[in-house]
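Note sheet for the following structure.
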Amino acid sequence: MRFGIKTIDELKVAGRTILLRVDINLPIDHQSGALKDITRIRAILPTIRELSTGNAKTVILAHQGGDLDYDNLSSLKPHSQVLNEYLNGAAQFVEDICGPTALEAIKRLKPGGILLLENLRYLAEEQTGFERTLRLTPLEQAHTLLVRKLTPLADYFINDAFGTCHRDQPSLCGFPELLPTAMGRLFEKEFCVLSQLTQSPDRPCLFILGGVKVGDSLAVIERLLENNIADRILTGGQLAKFLARATGKKPDNDFPPKGSALRPLWERALDIFKRFGDKVVIPVDFAYVQGGQRVEAARGEIPPNVRTTDIGYQTVKQYSSLIDSAKTVVVNGIMGDFTEPYSMTGTRLVWESLCRTNAFTVLGGGQAISAATKFGQLECFSYISTGGLALILFLTGEELPVIRSLRRGSQLNSKKSPEPFSSQHRRDYVSENLYFLGSKPDKNKS
Ligand code: 3PG
């Protein structure tokens with residue numbers, strides 16, 4: 001056991017059927033459908049190879065895109081092709097998750113065989129909106145169709161999806177209720193390296209954030225500063241644009257419109273600045289493209305109706321000097337649209353500073369890694385994590401749902417049948433969730 005979780009060393013895998021949950025959620029080129037960055041596929045190969053050479057029957061479960069990332073919600077067939085390039089054609093793929101075709105293919109697997117099932121996010125209960133609204137308990141997750149169909153065919157559940165450890169979904173937290181569980185080699189490596197960082201980061205400790213999920217990023221900023229983990233947070237990308245607008249103007253009656261999703265985020269951003277002041281650093285200037293040229297302007301002087309696509313050069317200088325004097329830097333997110341020639345400068349120059357610094361540098365998140373790959377800088381980071389939001393949330397020090405569930409599943413020594421819901425549980429469950437049918441019951445009424 002490491003960190004209260006079993007590792008593969010503690011399982012007898014030969015001849016056994018293993019459900020292996022991985023995170024191979026990748027950026028996709030929408031015109032060609034090609035996978036733009038396969039780092040996450042390469043990262044899970046050690047676990048797959050170890051299981052296959054150990055004569056396990058390996059059933060891989062994975063997601064791609066989802067309700068938060070609808071543009072990338074697509075089949076895992078291209079992923080199976082890439083897997084096969086590395087595994088010499090050993091991985092089969094079925095366009096099914098837990099229906100008859102998938103079940104038949106699992107039953108036919110031979111020792112050493114590898115099977116990838118279709119995108120889990122095609123199932124509603126694997127969607128993030130569903131997770132947030134219903135907040136299923138582990139027992140309820142164990143009662144979903146996915147878990148009930150696949151568990152009888154499996155001996156063990158192994159989770160190697162570190163990038164998804166902040167999610168609370170049946171494919172992650174349902175199986176450990178019923179199957180003896182362990183973490184895969186990638187999960188184990190991420191856990192070891194990153195937990196050292198949470199315990200005593202060398203200071204000053206900088207975080208560079210630039211995600212598009214602004215609500216998630218604000219929550220992360222609050223936790224990193226409240227728990228005194230980050231000394232400073234530098235912002236880029238969509239997050240920086242949002243914060244720059246929020247600090248430039250207090251909410252008024254017209255904007256952000258009352259009742260819009262933006263308004264609570266706006267108020268939350270103002271509260272963060274009130275509480276933490278200049279610990280949250282926003283760009284002093286931005287760049288935009290006009291008449292085919294890159295133009296830069298100070299934060300308060302950006303003409304209305306232009307769309308900024310990068311940070312400006314003064315910001316690059318300020319960020320580079322903070323990076324030079326830091327001892328730890330964690331990066332998740334980008335400075336601007338690094339795929340366009342006029343907007344890549346901010347990310348490229350900040351990443352060059354990250355390559356020059358003596359600090360321990362951790363890079364995570366699809367876009368940040370794609371930028372480093374594009375600029376040929378992957379080698380110069382101290383550690384590349386496969387986690388994006390999961391990495392940052394892990395570093396805030398809280399016990400994430402998947403880690404909690406891995407610890408529970410590591411206590412199981414043999415397969416369990418799902419315990420039936422009690423009739424009271426069923427009544428509570430139905431009444432809690434009735435609002436899906438149009439009316440939320442008043443709990444105070446009998
Ligand atoms: C990620 O890319 O961060 C993980 O695969 C999780 O994706 P999600 O945010 O869509 O759950």
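All ligand and atom numbering here is 1-based and tracks the order in the structure.
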- Task: Verify the distance criterion only: is there a donor paired with an acceptor across the side chains of Thr357 and Asp324 at less than 3.5 Å?
- Result: no

- Task: Mark the output for Gly366 as yes if a heavy-atom distance to ligand 1 is under 4.0 Å, and as no if none is.
- Result: no

- If you have a sec, work out which protein heavy atom is nearest atom 10 (O) of ligand 1 and how many Å separate them, to one decimal? Arg121 NH1, 2.9 Å

- Task: Check the surroundings of atom CD in Glu10: do more than 12 heavy atoms from other residues, nucleotides or ligands lie under 6.0 Å from it?
- Result: yes

- Task: Please determine, by modelled atom types, if His79 and Arg40 share a side-chain donor-acceptor pair under 3.5 angstrom.
- Result: no

- Message: Ignoring hydrogens, what is the shortest heavy-atom contact between Trp351 and Ala368? Give both atom names and the distance.
- Response: NE1-O, 3.3 Å

- Going by heavy atoms, is Asp69 under 4.0 Å from ligand 1? no

- Which protein non-hydrogen atom lies closest to atom 11 (O) of ligand 1, naming both residue and atom, and how far is it? Arg167 NE, 2.5 Å

- Message: For Gly174 versus Gln141, what's the shortest heavy-atom pair and its separation?
- Response: N-OE1, 3.5 Å

- With a 3.5 Å cut-off and no angle check, do the side chains of Arg307 and Tyr288 form a donor-acceptor pair? no

- Taking atom 2 (O) of ligand 1 as the reference point, the nearest protein heavy atom with its distance: Arg40 NH1, 3.0 Å

- Protein heavy-atom partner closest to atom 4 (C) of ligand 1 - residue, atom, separation in Å: Asp23 OD2, 3.3 Å

- The atoms of ligand 1 lying under 4.0 Å from a heavy atom of Asn25, numbered in the order shown, are 1 (C), 2 (O), 4 (C), 5 (O), 7 (O)

